[in-house]
Amino acid sequence: MRVAVSRLHFPVTALGPGRRVGLWFQGCAIRCPGCVSVDTWTDGIGETALPGLLDAIDVWIADADGLTVSGGEPFGQPEALAEVLRFWRRRSRGSILVYTGHELDDVAPWLDANPGLVDGLMTGPFRSDLSQTLALRGSDNQRLHVLSPQGREFAPFDRPARQEDRSLDVMFDDEGRAWLAGIPARGDLARLRRVLTAAGHEVQMSDSIRNLA
Ligand code: SF4
């Protein structure tokens with residue numbers, strides 16, 4: 001089996017409790033206006049063999065408090081998603097948080113077919129026309145579902161966002177490019193672009209490479 005992946009990183013601290021493995025699937029057909037991850041929309045790039053992805057995750061499992069899967073749209077690759085989560089369950093007691101742009105009813109058949117694989121599920125598309133006041137969310141229509149006893153660790157995030165919730169993880173890829181993980185507050189990326197550009201850095205935001213989609 002092959003899986004299209006945008007990014008894989010550890011540790012990620014801005015997408016759930018503790019130090020988590022972050023996995024971003026590649027490909028999203030939902031295409032919310034204002035999405036900050038436009039680079040993850042395109043299908044057919046970032047493909048890799050599933051065993052290689054699992055090996056890469058395995059290196060971090062002993063030190064990780066959990067796995068957060070986002071995208072892109074994880075449920076756009078339903079078999080690969082199930083395989084990754086089954087692997088995590090076999091190898092780790094850490095919690096699993098999955099983000100989807102679909103609503104709960106849309107992914108309920110997958111959840112029924114794959115019981116016990118998801119502890120916390122954040123559902124709903126990003127809506128730039130709605131407010132953003134809640135933790136771990138880009139817009140307030142998004143709903144956090146606790147799907148298992150272990151998922152209760154996500155319940156404290158069902159609250160208004162605090163200052164610490166606005167933190168972002170800064171990471172560097174093999175080419176030395178920096179990228180961010182987390183839920184930026186509205187306008188944060190535009191402000192960051194202005195500051196970096198003024199300092200002489202080349203800045204390419206996700207929404208500036210829309211032609212990839
Ligand atoms: S916010 Fe999520 S669901 Fe919406 S277009 Fe972006 S990646 Fe897809």
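Just follow the structure's listing: the first ligand is 1, and inside any ligand the first atom is 1.
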Quiz item: When you check the side-chain N and O atoms of Thr42 and Gln26, is any donor under 3.5 Å from an acceptor?
Solution: no
Self-check item: Asp140: side-chain hydrogen bond (donor to acceptor under 3.5 Å, both in side chains) partners, not counting sequence neighbours
Solution: Ser131, Thr133
Self-check item: side-chain hydrogen bond (donor to acceptor under 3.5 Å, both in side chains) involving Arg2 - partner list, sequence neighbours excluded
Solution: Glu47
Quiz prompt | Carboxylate-amine/guanidinium contact Arg91 Asp58, below 4.0 Å | solution = yes
Quiz prompt | Note: Arg137-Asp165 ion pair, threshold 4.0 Å (strictly below) | solution = no
Exercise. Have a look around atom 6 (Fe) of ligand 1 and list protein N/O/S atoms under 2.8 Å, or say none.
Key: Cys35 SG
Self-check item: Set of residues satisfying side chain to side chain contact (heavy atoms under 4.5 Å, CB included) with respect to Glu79, sequence neighbours excluded
Solution: Met1
